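Reminder, nothing fancy here: chain letters follow the sequence lines and each chain counts from 1. Keep in mind it's a predicted model, so treat the numbers as computed, not measured.
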2 protein chains.
Amino acid sequence: MRLSDGVESGVHVCVLLATLPNGAALPAAKLAEYHGVPAAYLAKHLQALAGADVLRTVKGARGGYRLARPADEITVLDVVEAIDGGESAFRCSEIRRRGPLAMPAREYTKVCGIHHVFTRADEVWRAELARTTITDLLMGVLRDVPRAALEKGARWLQDSAR
Amino acid sequence: MRLSDGVESGVHVCVLLATLPNGAALPAAKLAEYHGVPAAYLAKHLQALAGADVLRTVKGARGGYRLARPADEITVLDVVEAIDGGESAFRCSEIRRRGPLAMPAREYTKVCGIHHVFTRADEVWRAELARTTITDLLMGVLRDVPRAALEKGARWLQDSAR
DNA sequence: GCTTTCTCGGATAGCTAGTATCCGTATTAT
DNA sequence: ATAATACGGATACTAGCTATCCGAGAAAGC
Ligand code: SF4
Ligand code: SF4
C-alpha cells in the first residue's frame, strides 16, 4: 500500500503558502524550485489542489497559487484527498459471488463483515489526518527548524517574490 | 492509495480455514477453486501467509494449509501485513533537504511534523485492523449469510475433503 | 489595445510495483 | 515406488503512477 508521491509535495506547498502575507501568490515554477521537484510534475498536483478548493489560482502576470482558505481551515486530509483521491484503500471484488458457494445477488443485502472492518479502518485513518491543519504544521516547522534555515528561506522568498 | 489485491483472498482463506476441524488442512488448489481465484496466484499469497506464521503448511500428500494459531489469535492486521507488507503508506523523500532551503543533514534531528502526522494516522489504521480477529469475522459470516448458502458451502467442503 | 507573463487543460511518454503464471524440486502419505 | 502437494525462482503482463510537453486563454502592465 502506498500513498501517492505527490502528497508530500502538496503538503509542503501548502505550508509554504501559509507563510505568505494575506493575498500574495507564488507561481508554480517558484514552488517547484523551492522544493527541488520537477516543475511540470508539481503543476499537476497544484491543479488538483486548486480543483479541490484547497488552493486558489491567480491567473495572468504576477499570478500563481495561494491558499483558497485560511490555513487553519485546511486539513492534511483535504490535501491527501485532493491528490490521492478519496477512495478507500480496500477494494473488494465480491469474492463471495464467485466459486461454488455463489448465490444469487439479492441474497447479499448487507455489507459483509470483512468489508466493514476495512471501511472502519479507513475512516479512522482519515479522521486522524483531518485532525491536523496546515497551521498546526506551520507551527511545528517554526518550532523545530533551526533559525538559520528559517532566515535563509525567508530571504529566498523575498528575492523571488520580487 | 490502494491495498494489495491479494489481501481480500487472504482474509477469506483464513475465515474458511477457521471452519475446519482441529488439525485438518486444505490444499491450495481447493482454496483457489472455492473462492474462484486463479490458483497460481493465490499460492503466492498463501506462502506469504505461511511465512508470516499465520498459516501452517502441511507438506506431502493429503497436505495443504491450515491456520498456524487459533482463529481468535489471528487478527486482520496479521493478514494484511503478511500480504501487503508492514510499511507505512506515506514515504517521504526528505524534501526539506532539497532546494535552496537545504541545510546540512545533521541539522535535522527530529522527525518533522508532516512525517509525524502520517505516522500517527498509519498507527491508528493498523490498530483498528488489529481489533478484529478471524473468529469475529467468522461469527459475522455465520450470522449474515443465509442458511442455504452455508449448507451449500459445508457440503462442498465435505466433498473436497474426501 | 497590445504585449508580456503566467496558468489551465489535455495529451502523452516512461517507469515501477503489483498481478498472474509456469515449472522444476523437495517432501510426505499410501 | 507412486501419487499428491508445497516450495521457490523465473518470468510475462498490466495498471497506475510518475514525469514532461505544449497550445489556448486570462490577467496585468504598458
Ligand atoms: S465477503 Fe466481503 S470482502 Fe469478501 S467479496 Fe464479499 S463484500 Fe468483499
Ligand atoms: S519535512 Fe517531513 S515530510 Fe517533508 S521531506 Fe522532511 S521528513 Fe519528509
Side-chain angles (χ1 to χ4, degrees), chain A residues 1-10 13 17 23-33 35-53 55-66 68 80 82-85 87 89-91 93 95 160-162, chain B residues 1-10 13 17 23-33 35-66 68 80 82-85 87-91 93 95 160-162:
Chain A
M1 192 183 51
R2 189 170 188 168
L3 206 53
S4 169
D5 188 54
V7 168
E8 190 186 356
S9 340
V13 163
L17 289 180
L26 213 54
K30 288 292 177 189
L31 288 170
E33 183 190 346
H35 294 104
V37 297
Y41 184 38
L42 183 63
K44 266 279 170 290
H45 300 314
L46 291 174
Q47 279 172 235
L49 286 168
D53 200 42
L55 298 186
R56 169 96 30 102
T57 79
V58 180
K59 291 188 184 176
R62 293 185 85 66
Y65 289 91
R66 64 182 195 80
V80 169
I83 294 179
D84 193 65
E87 294 166 7
F90 177 78
R91 305 182 202 179
S93 52
I95 276 192
S160 58
R162 175 175 24 109
Chain B
M1 193 184 49
R2 190 170 188 170
L3 206 53
S4 168
D5 190 53
V7 169
E8 190 186 357
S9 340
V13 162
L17 289 180
L26 214 53
K30 288 292 177 189
L31 287 170
E33 183 190 346
H35 294 105
V37 298
Y41 185 38
L42 182 63
K44 269 278 174 289
H45 298 315
L46 291 174
Q47 280 171 230
L49 286 168
D53 200 43
V54 171
L55 298 186
R56 167 99 27 104
T57 76
V58 181
K59 290 186 182 175
R62 291 188 82 67
Y65 290 90
R66 66 183 194 80
V80 169
I83 295 179
D84 193 63
E87 294 166 5
S88 166
F90 177 78
R91 304 180 203 181
S93 52
I95 276 191
S160 58
R162 174 176 25 109

I want to check one thing: is the phosphate of C:dC15, taken as OP1 and OP2, less than 4.0 Å away from some side-chain N or O of A:Y41?
no
The side chain of B:D5 lies closest to which of these nucleotides: C:dA20, C:dA11, C:dT21?
C:dA20
On DNA chain D, does the nearest nucleotide to B:M1 precede the nearest nucleotide to B:A50 from the 5' side, or the other way round? Give the residue.
B:A50
Nearest-Å distance, NZ (A:K59) to P (D:dA27)?
6 Å
Atom-to-atom span, CG of A:L46 to P of D:dA19 - whole angstrom
14 Å
Hey, could you give me the OG/CG distance between B:S88 and A:L3, rounded to the nearest 0.5 Å?
8.0 Å
Side chain of B:Q47: nearest nucleotide among D:dG8, C:dT30, C:dT27?
D:dG8
If you assign each of A:G63 and B:G6 to its closest nucleotide in DNA chain C, which residue comes earlier from the 5' end?
A:G63
For A:L42 and C:dT7, what is the distance between atoms CG and P respectively, to the nearest whole Å?
11 Å
Between P on D:dA4 and NZ on B:K30, what's the gap in Å once rounded to a whole number?
12 Å
Out of D:dG8, C:dG10, C:dA29, which nucleotide sits closest to the side chain of A:K44?
C:dG10
Between A:R66 and A:L26, is there a side-chain heavy-atom distance shorter than 4.5 Å?
no
Going from CG on A:L17 to CZ on A:R56, what distance comes out if it is rounded to the nearest 0.5 angstrom?
13.0 Å
Roughly, in whole Å, what's the span from CG in B:L31 to P in D:dT5?
12 Å
Of the listed nucleotides (C:dC6, C:dT21, D:dA4), which one gets closest to any side-chain atom of B:P38?
C:dT21
Expressed as a whole number of angstroms, how long is the span from A:I83:CD1 to D:dC17:C1'?
13 Å
Once you apply a heavy-atom cut-off of 4.0 Å, does B:A28 come out as touching a base, just sugar-phosphate, or nothing?
sugar-phosphate
Compare the minimum distances between each of C:dT21, D:dT20, D:dT18 and the side chain of A:S4, then state the nucleotide with the smallest one.
D:dT18
Could you please name the option among D:dA6, D:dT20, C:dC22 that lies closest to any side-chain atom of B:A40?
C:dC22
How many Å lie between CZ on A:R91 and C1' on D:dA15, as a whole number?
11 Å
Interatomic distance where CD belongs to B:E8 and C1' belongs to C:dT19 [whole Å]:
14 Å
With a 4.5 Å heavy-atom cut-off, do B:T57 and B:K59 have their side chains touching?
yes
By nearest atom, which of the nucleotides C:dA17, D:dA3, C:dT27 is closest to the A:R2 side chain?
C:dA17
Nearest 0.5 angstrom please: B:K30 NZ to B:H35 NE2, how far?
13.5 Å
Proximal nucleotide (of D:dG9, D:dT20, D:dA3) relative to the B:A61 side chain
D:dA3
